[in-house]
Amino acid sequence: MDSRDLLHNYNAGPSALPSEVKVKVVEAIEGIDGGPGILELSHRSASFDRVIDGAREVIRRLYRLPETHEVLFLQGGASLQFAMIALNLGTRGGFLTTGEWSRRALAEARKVAEDKADKPVELYSCEPLFTDVPTQLRPQDRDGQALDYIHLTSNNTIYGTQYKALPQRADGKESLPPFIVDASSDIFSREIDWSKVDLLYAGAQKNAGPSGVTIVIGRRELLRSPPRSARCPKILSYQTHAEKGSLYHTPNTLGIFAVAEVGRWVEARGGIEVMQRRSNERSQKLYQIIDKHEIYRGHASAEARSKMNVTFTVAEPRIESKLLQRASELNMWGLKGHRSVGGLRASLYNAVSDTSVELLCRLLENIAREG
Ligand SMILES: Cc1ncc(COP(=O)(O)O)c(C=O)c1O
């Protein structure tokens, strides 16, 4: 055990990275293939080709990605995807507002659609509390017109809610339009049915690497078609990046290296299936403690609870302060809840160790007993 194992990191993002990955990153900064390190290496070199190919390949293997889909590494965070989706894939989408990020995705689509007939439609909203996610949907707008896609945020990082599965059609008929999924805070933690998902995107900085890289996994024909908006700048076109293998301009070389290493780390531990089982079990343990003690109250409704971000409040400010003080003494970081929810938030991403989860469970039990 080294000193880093004594630090317990529950940050919501950027967040914990596996120690093994950090060691590989430091080595890569020193040098790659006997040459310059990753920060000093051309993105047009054979060494970097191996890095980016390796990153794409490990994601393909982890998700058992069908040939219909391809992987891009972009910049601008998940937030830039809100605009890119509207510019490239059109604005006639159905949006599910389940938190701040999905609200921003809809706002960007509305902006792109300003002077067009194809307006985005808000199919669902649980504003302002954001304690739920929908399980059923209608596939059209109010006039019965079909939508091009449905946009959702699979895990709502701030509110601690998460879809258990993709929503179904409320009338039980045929299928819904294809889904576009913001998986920024649960990528690499659950299996995906690629027959239903046209595009998935994630800022890497929570469960897949450092900030500055956005992973986009999309249906090949969508990513390689010209953008729907004639005014889409070249750098915001998926086609630009797909045709150049994510090397149209200088990418975040260090970030892509780290994403590849995180992918290999997940793979070495049994892959996404194992991560899914592990996050089910770990979050379950924490929710049981929250439910058992009167002083804690989970924010999300029981059916919508996130396995990645556990959000809860503490009945008395005095006890909350005591809990946070004790956590700080134990070198536990990042437990304070987002300002819009208050209370506490424990992010249980893949790189958070079982020891950290156990320690948090013990702390909650002890504080509940002591009062
Ligand atoms: C679910 C979700 N979507 C989007 C974002 C925005 O990501 P970025 O900061 O990479 O733009 C976040 C950031 O926390 C997020 O949690």
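All values below come from the heavy atoms of this structure, side chains included, with hydrogens, waters and symmetry mates left out. Quick caveat, the model's predicted, so the values are computed rather than measured. Note that ligands are numbered from 1 as they come in the structure, with each ligand's atoms numbered from 1 the same way.
- Every atom of ligand 1 is numbered from 1 in the order shown, and the set under 4.0 Å from a heavy atom of Gly77 is 10 (O), 11 (O).
- When the options Asp186, Asn309, Asn207 are evaluated for a side chain to side chain donor-acceptor pair (under 3.5 Å) with Tyr349, the one that passes is Asn309.
- With a 4.0 Å heavy-atom cut-off, ligand 1 is reached by the backbone of Asn155 but not by any atom from C-beta on.
- When each atom of ligand 1 is checked for a heavy atom of Gln205 under 4.0 Å away, the hits are 7 (O), 8 (P), 9 (O), 10 (O).
- Summary of contacts: the protein heavy atom closest to atom 4 (C) of ligand 1 is Asp182 OD2, 3.4 Å.
- Near Ser184, with a cut-off below 4.0 Å to any heavy atom, the atoms of ligand 1 are 1 (C), 2 (C), 3 (N), 4 (C), 15 (C).
- An N or O contact shorter than 3.5 Å links Ala78 to ligand 1 by distance.
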**Request:** Would you sort out whether His151 and Phe95 count as a ring-ring contact (aromatic ring centres under 6.0 Å, His included), showing the intermediate values?
**Result:** CA-CA 5 Å; His151 178 279; Phe95 285 74; 5.3 Å; yes

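- Taking a 4.0 Å cut-off on heavy atoms, Gln81 fails to register as neighbouring ligand 1.
- Any N or O atom pair closer than 3.5 Å counts here, and Lys206 shares at least one such pair with ligand 1.
- A 6.0 Å sphere centred on CZ of Arg64 holds no more than 12 heavy atoms belonging to other residues, nucleotides or ligands.
- Looking only at heavy atoms of the protein, atom 12 (C) of ligand 1 is closest to Trp101 CE2, 3.3 Å.
- Considering backbone and side-chain atoms together, Thr153 places no N or O closer than 3.5 Å to any N or O of ligand 1.
- Residues Arg277 and Asn280 have side chains that never bring a donor and an acceptor to within less than 3.5 angstrom of each other.
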**Request:** Could you go through the side-chain contact (heavy atoms from CB on, under 4.5 Å) check for Ser79 and Trp101 one step at a time?
**Result:** CA-CA 8 Å; Ser79 300; Trp101 303 111; 4.2 Å; yes

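- Side chain to side chain, Tyr238 and Gln81 meet the donor-acceptor criterion of an N or O pair below 3.5 Å.
- Protein heavy atom nearest atom 1 (C) of ligand 1, with residue, atom name and distance: Thr157 OG1, 3.4 Å.
- Environment of NZ in Lys111: sparse, with no more than 12 heavy atoms of neighbouring residues, nucleotides or ligands closer than 6.0 Å.
- Contact annotation: for Ser79 versus ligand 1, heavy atoms closer than 4.0 Å belong to both the backbone and the side chain.
- Using a 3.5 Å distance cut-off with no hydrogens or angles, the side chains of Ser45 and Ser42 do not pair a donor with an acceptor.
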